[in-house]
Protein chains: 2
Amino acid sequence: MISENDFNSPNLGMPDTHSSIRVMIVDDHPSMRMGLAALIDSQPGMTVIAEASDGEEAIEVYDDTQPDIALMDLRMPGIGGVEAILSIRKSYPEAKVIVLSTYDWDEDIHRAIQSGAASYLLKDMPIEEIAETVKIVHEGDASLPRSVAKRLEERSQREQLTERERDVLESLIKGRSNKEIASSLFISEETVKSHLKTLFHKLHVRDRTEAAIMAIRHGIVHLD
Amino acid sequence: MISENDFNSPNLGMPDTHSSIRVMIVDDHPSMRMGLAALIDSQPGMTVIAEASDGEEAIEVYDDTQPDIALMDLRMPGIGGVEAILSIRKSYPEAKVIVLSTYDWDEDIHRAIQSGAASYLLKDMPIEEIAETVKIVHEGDASLPRSVAKRLEERSQREQLTERERDVLESLIKGRSNKEIASSLFISEETVKSHLKTLFHKLHVRDRTEAAIMAIRHGIVHLD
DNA sequence: TAAATATTCCCTCTAACGAGTGAAGCCCTG
DNA sequence: CAGGGCTTCACTCGTTAGAGGGAATATTTA
């Protein structure tokens with residue numbers, strides 16, 4: 001656990017509107033945490049009160065410190081950001097989480113928003129925009145940068161995959177043949193072909209290789 | 001250009017051994033730059049004298065400020081880290097560049113070291129290790145973390161691809177069929193098949209889909 | 001309950017893929 | 001200049017993938 005100062009005590013005397021926004025930072029890169037902490041602390045009316053380096057730690061630390069806002073990376077070792085958001089918001093439905101990701105993959109954006117994130121920012125955005133969003137979200141609003149909203153819109157154009165189609169796609173990304181996918185899912189090869197057929201149509205691709213590339217590039221499935 | 005303080009002037013009177021290591025930071029994420037700057041400046045004997053947010057800017061700013069060490073990200077919009085290193089070391093063969101990357105992909109590591117990087121660190125490493133490496137590299141030594149060296153070793157196990165095989169592989173990653181690859185490279189389909197055959201052997205895969213996944217996962221070719 | 005939707009499977013047929021083998025021309029290096 | 005690697009291409013052959021049709025069971029939704 002990396003939480004430095006525990007400002008868990010209620011602010012004595014100070015009116016609520018004048019108290020600092022208490023921010024938790026979640027990122028697996030120490031130097032990124034350092035930068036975000038410097039950024040937040042340099043803003044008037046914001047203080048970093050806790051840090052975590054992965055999803056599991058984030059859940060714990062949120063419980064301990066109950067920050068006003070969590071600034072959270074998505075891709076982290078072990079439990080990722082989406083699971084962490086889901087878990088936190090299960091215990092604290094009012095929890096305000098801003099996702100700060102490297103990637104603007106539509107599936108990532110969708111999953112983050114679905115799981116209850118109040119915003120989705122990109123790490124290459126100017127620090128002013130990050131600070132501004134913390135303020136806006138703290139005031140109870142949700143905001144999405146235009147570029148991110150556009151990506152989300154693109155995703156909505158694409159037909160949703162069914163659960164089974166996802167299974168097949170994930171198996172495909174492991175480099176398996178139709179026969180291997182079939183036996184790994186305990187279905188016939190013909191069924192695999194059937195799923196692939198609709199999969200190709202939905203993704204607007206012609207073959208499995210294109211489907212694999214498409215899936216990776218849009219974050220529909222993850223390598224690693 | 002984001003260079004804040006231009007300490008281009010020679011240190012007056014102060015003996016060389018006691019002067020600060022002058023560091024340039026190159027990363028496209030503002031908050032990461034902020035973190036690295038905070039990290040470096042907090043170390044005794046190190047100062048951040050310049051920043052850049054992509055390869056092109058890095059080349060310019062290096063020329064202007066001539067830092068002792070450059071801390072450089074690899075994947076940046078436009079001109080990437082590798083090209084920046086090559087360009088900088090063409091003008092300044094003694095330039096000391098430490099790559100600081102998100103990924104431990106063997107091809108990235110190889111390309112960075114090949115182009116003259118003195119070290120290759122990962123962003124999830126503790127800040128102490130980053131600071132320590134800056135010191136070591138400044139003293140004229142090169143150092144690679146064990147985990148990174150191991151990856152590089154893994155790469156050396158894999159047979160090198162020829163230029164043409166790379167071409168075919170890159171075309172493959174675009175989702176093209178053999179016929180399309182053939183016409184895009186102005187060769188016959190049989191030649192494409194021939195290259196693919198050796199490609200599959202070298203990558204230890206059975207088909208094009210596996211090859212695509214393998215190539216993406218090891219950073220042999222890049223999406224986007 | 002009727003109407004989607006998801007999942008499963010079948011059949012046919014053609015094109016694409018990949019293994020195996022061989023070989024010619026080119027360039028570079030010992 | 002001989003040998004080695006790279007690039008090019010040809011031919012055969014078996015396998016796999018993918019298109020184009022249906023169709024039968026759930027399950028969910030309106």
Side-chain angles (χ1 to χ4, degrees), chain A residues 107 110-111 114 155-218 220-221, chain B residues 107 110-111 114 155-218 220-221:
Chain A
E107 276 293 314
H110 175 256
R111 273 193 288 254
Q114 276 301 307
R155 198 205 97 104
S156 71
Q157 303 299 316
R158 203 172 56 226
E159 277 187 85
Q160 287 250 70
L161 301 187
T162 67
E163 207 184 321
R164 216 47 176 157
E165 283 158 7
R166 288 188 106 70
D167 291 341
V168 172
L169 186 54
E170 265 164 39
S171 219
L172 176 66
I173 301 284
K174 294 198 172 79
R176 296 183 179 141
S177 69
N178 288 350
K179 203 174 291 185
E180 288 167 334
I181 296 172
S183 67
S184 80
L185 296 178
F186 305 104
I187 53 180
S188 85
E189 199 182 333
E190 285 303 316
T191 307
V192 173
K193 284 185 169 190
S194 177
H195 287 310
L196 281 177
K197 230 175 293 184
T198 58
L199 204 44
F200 294 162
H201 281 131
K202 288 186 178 179
L203 298 180
H204 302 114
V205 297
R206 293 171 300 173
D207 54 52
R208 53 180 50 230
T209 307
E210 269 193 286
I213 296 163
M214 174 55 79
I216 294 170
R217 133 174 290 149
H218 284 72
I220 300 173
V221 290
Chain B
E107 276 292 314
H110 175 256
R111 274 193 288 255
Q114 276 301 306
R155 198 205 98 104
S156 70
Q157 303 299 318
R158 201 171 58 226
E159 278 188 84
Q160 287 251 69
L161 302 187
T162 68
E163 206 185 320
R164 215 48 174 157
E165 282 157 8
R166 289 189 105 73
D167 291 340
V168 172
L169 186 55
E170 264 163 40
S171 219
L172 176 65
I173 301 284
K174 294 198 172 80
R176 297 184 178 140
S177 69
N178 288 349
K179 202 173 289 184
E180 288 167 334
I181 296 172
S183 67
S184 80
L185 296 179
F186 306 105
I187 53 181
S188 86
E189 199 182 333
E190 284 303 315
T191 307
V192 173
K193 284 184 171 191
S194 177
H195 287 310
L196 281 177
K197 229 174 294 180
T198 58
L199 206 43
F200 294 161
H201 281 131
K202 288 186 178 179
L203 298 180
H204 302 115
V205 298
R206 293 170 300 173
D207 54 52
R208 54 179 50 230
T209 308
E210 268 193 288
I213 297 162
M214 187 31 92
I216 294 169
R217 134 174 287 152
H218 285 72
I220 300 174
V221 289

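All values below were derived from every heavy atom in this structure, side-chain atoms included, with hydrogens, water molecules and symmetry-related copies excluded. Order of the sequence lines fixes the chain letters, A, B, ..., with proteins taken first and strands second; residue numbering starts at 1 for each chain.
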Original post:
Any ion pair linking Glu189(A) and Arg176(A) (charged N to carboxylate O, less than 4.0 Å)?
Top reply: no
**OP:** Provide the closest heavy-atom pair for Arg158(A) versus Leu203(A) in the form atom of the first, atom of the second, distance.
**Re:** CD-CD2, 4.0 Å
**OP:** Return yes when atom CD of Glu163(A) has more than 12 non-hydrogen atoms of other residues, nucleotides or ligands closer than 6.0 Å, and no otherwise.
**Re:** no
Subject >> Euclidean distance, atom CZ of residue Arg164(B) to atom C1' of dC26(C) [Å, nearest integer] >> reply: 14 Å
Original post:
Can you check the Glu165(A) CD to dT7(C) P distance for me, whole Å?
Top reply: 7 Å
**OP:** Nearest whole angstrom, please: distance from the P of dT15(D) to the NZ of Lys193(B).
**Re:** 15 Å
Original post:
Atom CD of Glu159(A) to atom C1' of dA6(C): distance rounded to whole Å?
Top reply: 13 Å
Subject >> Test item: side-chain donor near acceptor, Ser194(B) and Thr191(B), under 3.5 Å >> reply: no
Subject >> Verdict with supporting geometry, Glu170(A) and Arg164(A), salt bridge (charged side-chain N to carboxylate O under 4.0 Å, His left out) >> reply: CA-CA 10 Å; Glu170(A) 265 164 39; Arg164(A) 216 47 176 157; over 6 Å; no
**OP:** Round to the nearest Å and state the distance from His195(A) atom NE2 to dA6(C) atom C1'.
**Re:** 8 Å
Original post:
Are side-chain N/O atoms of Arg166(B) and Gln160(B) paired as donor and acceptor at under 3.5 Å?
Top reply: no
**OP:** For Thr162(B), answer base if it contacts any base atom (sugar-phosphate contacts may also be present), sugar-phosphate if it contacts only those atoms, and nothing otherwise; contact means non-hydrogen atoms under 4.0 Å.
**Re:** sugar-phosphate
**OP:** Confirm from the modelled atom types if Thr191(A) and dC9(C) form a donor-acceptor pair under 3.5 Å, side chain to base only.
**Re:** no
Original post:
Which of residues 196-207 of chain B sit near DNA chain C, with a heavy atom under 4.0 Å from it?
Top reply: Lys197(B), Phe200(B), Arg206(B), Asp207(B)
**OP:** Please list residues of residues 171-190 of chain B whose heavy atoms come under 4.0 Å from any atom in DNA chain C, ordered by number; otherwise none.
**Re:** Ser177(B), Asn178(B), Lys179(B)
Original post:
For the pair made of CZ in Arg208(A) and P in dC17(C), what is the distance, rounded to whole Å?
Top reply: 12 Å
Original post:
Are Arg208(B) and Glu210(A) close enough for a salt bridge, meaning some N to O gap below 4.0 Å?
Top reply: no
Subject >> Separation of dT7(D) C1' from Leu161(B) CG (nearest whole Å) >> reply: 15 Å
Original post:
Would you call Glu190(B) and Lys179(B) a salt bridge, using N to O less than 4.0 angstrom?
Top reply: no
Original post:
Gln114(B) side chain to Arg111(B) main-chain N or O, any donor-acceptor pair under 3.5 Å?
Top reply: no
Original post:
Taking CD from Glu163(A) and P from dT28(D), how many angstroms apart are they, rounded to a whole number?
Top reply: 12 Å
